[in-house]
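Below, chains carry the letters A, B, ... as their sequence lines are ordered, and counting in each starts from 1.
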Amino acid sequence: MTEKKVLDLIRREMPKQPPEVRKFNFNEVAFGYSEELAVEEAKRCIQCKKAHCVQNCPVEIDIPAFIQCVADRNFAEGIRIIKQKNCLPAICGRVCPQEDQCEKVCTLVKKEGQLAIGRIERFLADWEARQGHVDMPEIPEWTGKKVAVIGGGPAGLTVAGDLILRGHKVTIFEALHKLGGVLVYGIPEFRLPKAIVNREVDYLKSLGVEVYTDFVVGKTQTMDSLLEEYDAAFVGSGAGLPWFMEIPGENLNGVYSANEYLTRLNLMKGYLFPTYHTPIKAHKRVAVVGGGNVAMDCARSALRLGAESRIVYRRSREELPARMEEIENAEEEGVIFDFLTLPLRYNGDASGWVKEMIVQKMELGEPDASGRRRPVPIEGSEVAVPVDAVVCAIGNSPNPLIGSTTPGLLLGKKGNIEADEETGKTSRDKIWAGGDVVTGAATVILAMGAGRKAANSIHEYLMGGDGE
Amino acid sequence: MYKIIASRMIVPNMHILTIEAPVIARQVQAGQFIILRAEEEGERIPLSVSDWDRARGTITTIFMNIGSTTSRLSQLASGSFIPTVVGPLGNASEIEHFGTVLLIGGCYGIGSLYPVARAMKEKGNRVLVVIEARSSYLFFWEDRYRVLVDKLLHITRDGSKGLKGHIGRIPEILTALDEPVHRVLINGCTFCLKRGSDATRELGIKTVVDLNPIMIDGTGMCGVCRVSVGGMTKFACVQGPEFDGHEVDWAELAQRRKSYMAEEVIPLRTSKCEEHAHQSEEVS
Ligand SMILES: Cc1cc2nc3c(=O)[nH]c(=O)nc-3n(C[C@H](O)[C@H](O)[C@H](O)COP(=O)(O)OP(=O)(O)OC[C@H]3O[C@@H](n4cnc5c(N)ncnc54)[C@H](O)[C@@H]3O)c2cc1C
Ligand SMILES: Cc1cc2nc3c(=O)[nH]c(=O)nc-3n(C[C@H](O)[C@H](O)[C@H](O)COP(=O)(O)OP(=O)(O)OC[C@H]3O[C@@H](n4cnc5c(N)ncnc54)[C@H](O)[C@@H]3O)c2cc1C
Ligand code: SF4
Ligand code: SF4
Ligand code: FES
């Protein structure tokens, strides 16, 4: 190690569009580090011998090594190190909940100066894209094995990338007309530009991954009929079934699931209507029910479409499950937060459009099973809030299409596929699963981590199995 | 990309479209639908599969030209391509040996009813078909039905063929039949489905309708297709599209289908001049 240097504990901020500007456009909020900022930030890393950060990255990127490369301005080597473990760095650098992963255990966190690992990762991925040249890894000779990957979200993309690099033929089957899963239909453009997702998907295609979009496994073809053709299958079909609260008035016009609202906007590009033909209403007062990342995305999208936008959440600010960065962004942009508020029902106008929500005020009681204080209703606190749209962002569970058409595939209580945590193996021979379809709605990096483990197990099976 | 094999107007404002889609053609059953996009910037819209040829790998749909996507579809030449065709979606029609079935088709429903009639016949049912239109010149596929089914009846708004009026005349038809009908099945516009179901309710004949709410993904992901049936919320794309017509909340369905009325006319009135500017924003 070099001589002991003075600790620099000041995290370099990432330049952003000012709130009063960005709340009127769908362009990306954060610009990313400049070279100078990235190098300055990287130099703060103390290159721990026992690097906790690595242990808390689900795909185990060699963080100190790539950070050191940035400090030395050797960007090409830096991105190469990341890509050994992570095929979607531009995406993870943007949407990973770093504060709960790598950065949470960074040695510098004790002094509140944890390194901005995600931002540097993003910088390197964007730097590589700007070079206009992507290093192509060598693809080994075909092993003679074929793998079907169901679902083109982060879990499926990871499995496809890992297995093609080991010489297997890989085909992705995706229900929608684009790959990316939640990355293209859910997370908005202003947080994750779709051009970036397309870039990563194109990279996989250039490696030789075959892709069938518009293919709903369980409908277009069953798992079992796919397995007549493929030696193994990985299911990464996500948690795409939206929940509603089952309260009166939820089927009024203007009441959306978060999936519908975001799909219209992102996948179908409703914000460019009528150039793109899928309409999205220009609402005036939108209420988003929920407090997670999905709710923040909906509320901030509504704002950008010109509405007064509010989050209605039954607990308090401390319990909001969304990432702090996104909560702060939403607050800066002017999203209104109604905490300790629970919708009871919606009332409509004469033509069936929602016109108000009746809510009840709550107070925090004793902690519940999750350790968070339980919200309890305050009697007689009902009020009417005028709205012309409501977005229900209270959660999703796995879509039952595959489970219900695949005999012998063991499912959990919430319809999730049961799979071994270490290998992704399911109760069925030749079928692996991972990501949100196994865990319920989680995060991009956890889905990728699960994909990585499953890919290893599939590879082992394919190479050992047939006595080759 | 999916190739258009044939495309033509079959009667005024109604088009028949045959698409090359071998995997769908292999699987599709009576009562199922597809979702397609007519162009890259286009909407995803659901259309019933009205016929297929498993050997040639083609599917056929019949659609009414009513909005931006259908009007674009109606202009496609044979040999051109469209970017999305996904299916077969929804559950297949419940086809069993019921005895005598009365199948009612209005507008595009005359087309989408055809595979159901065929499957009902194959199961040994006595199949009676009523087709309904504004005027006799709007009927199509009559020859196909005539050779397939046991009885073909007509209702026209102007009385130019068969009974004069609309689907509200179904009870008279049922009475005149002098044979028991064990099941009624209706395909067509929401009005037709509702009036038909109203007409059979008092007669106590089980009536199945093919619902057509607004859809996006067709896989149970977005929830826009939700309908209330028997007091429960159902996603029509995965739990339907067939439901018991006597249990459907028709007022809600009619309202939900109108959600985008105001917006749907905009693309029809828009010039394409700005498009290039916008498209450059989409790096793909
Ligand atoms: C609005 C929103 C914001 C989010 N923000 C963040 C964030 O900031 N950070 C973060 O880490 N996580 C975030 N998440 C969560 C994260 O996106 C998911 O955990 C992650 O995408 C899960 O990956 P997956 O591959 O398991 O599934 P998905 O991304 O859901 O992909 C599953 C794919 O499978 C396809 N599919 C489903 N059924 C079938 C079938 N039968 N046949 C073929 N294909 C099928 C689907 O169409 C989909 O493309 C967010 C989620 C949402 C909805
Ligand atoms: C399961 C199912 C099967 C169908 N089968 C047929 C068929 O075989 N032939 C046929 O002509 N029509 C069929 N429809 C109706 C067809 O989907 C609509 O006519 C079509 O979406 C109109 O699209 P557009 O862009 O041309 O019109 P638009 O300008 O988009 O809309 C005109 C009106 O059509 C309705 N509509 C719009 N978008 C949708 C949508 N995505 N889903 C349903 N309704 C919508 C709305 O009431 C809207 O106001 C079916 C619908 C469903 C749900
Ligand atoms: S992938 Fe996520 S957890 Fe891993 S280093 Fe990057 S930001 Fe951290
Ligand atoms: S824990 Fe923090 S300081 Fe230590 S190597 Fe990792 S990033 Fe650098
Ligand atoms: S169309 Fe989206 S859930 Fe049915």
K.L.:
Any non-hydrogen side-chain atom of B:V224 less than 4.5 Å from a side-chain atom of A:R264?
P.N.:
yes
K.L.:
Chain B heavy atoms under 4.5 Å from A:T220: which part of the residue, side chain, backbone, both or neither?
P.N.:
both
K.L.:
Using a 4.5 Å cut-off on heavy atoms from C-beta on, say whether the side chain of A:Q221 contacts that of B:V23.
P.N.:
yes
K.L.:
I'd like to know which of B:D217, B:V238, B:V85 tops the heavy-atom pair count under 4.5 Å against chain A.
P.N.:
B:V85
K.L.:
I need the minimum non-hydrogen distance between A:A350 and B:Q255, along with the two atoms involved.
P.N.:
O-NE2, 4.3 Å
K.L.:
Where on B:R226 is there a heavy atom nearer than 4.5 Å to chain A: the side chain, the backbone, both, or neither?
P.N.:
side chain
K.L.:
Which of the residues B:T233, B:I24, B:D249 is involved in the greatest number of heavy-atom pairs with chain A at under 4.5 angstrom?
P.N.:
B:T233
K.L.:
May I ask you to name which of A:V255, A:T213, A:V197 has the most heavy-atom pairs under 4.5 Å with chain B?
P.N.:
A:V255
K.L.:
Measure distances from A:Y261 to the heavy atoms of chain B and classify the residue's part below 4.5 Å as side chain, backbone, both or neither.
P.N.:
neither
K.L.:
Less than 4.5 Å to any heavy atom of chain B: does that hold for the side chain of A:L176, its backbone, both, or neither?
P.N.:
both
K.L.:
Measure the spacing between SG of B:C222 and CG of A:L262 and express it to the nearest 0.5 Å.
P.N.:
11.5 Å
K.L.:
With chain B as the partner, which of A:F215, A:F244, A:Y256 has the greatest number of non-hydrogen pairs under 4.5 Å?
P.N.:
A:F244
K.L.:
Checking heavy atoms, do the side chain of A:N399, its backbone, both or neither come under 4.5 Å from chain B?
P.N.:
side chain
K.L.:
How close do B:R44 and A:M268 get, heavy atom to heavy atom, and via which atoms?
P.N.:
CG-CE, 3.6 Å
K.L.:
Go through B:Q32, B:R26, B:R256 and name the one with the most non-hydrogen pairs under 4.5 angstrom from chain A.
P.N.:
B:R256
K.L.:
Drop me the distance from A:D214's CG to B:M1's CE, to the nearest 0.5 angstrom.
P.N.:
11.0 Å
K.L.:
Contact between B:F235 and A:L241 at the side-chain level, heavy atoms closer than 4.5 Å - yes or no?
P.N.:
yes
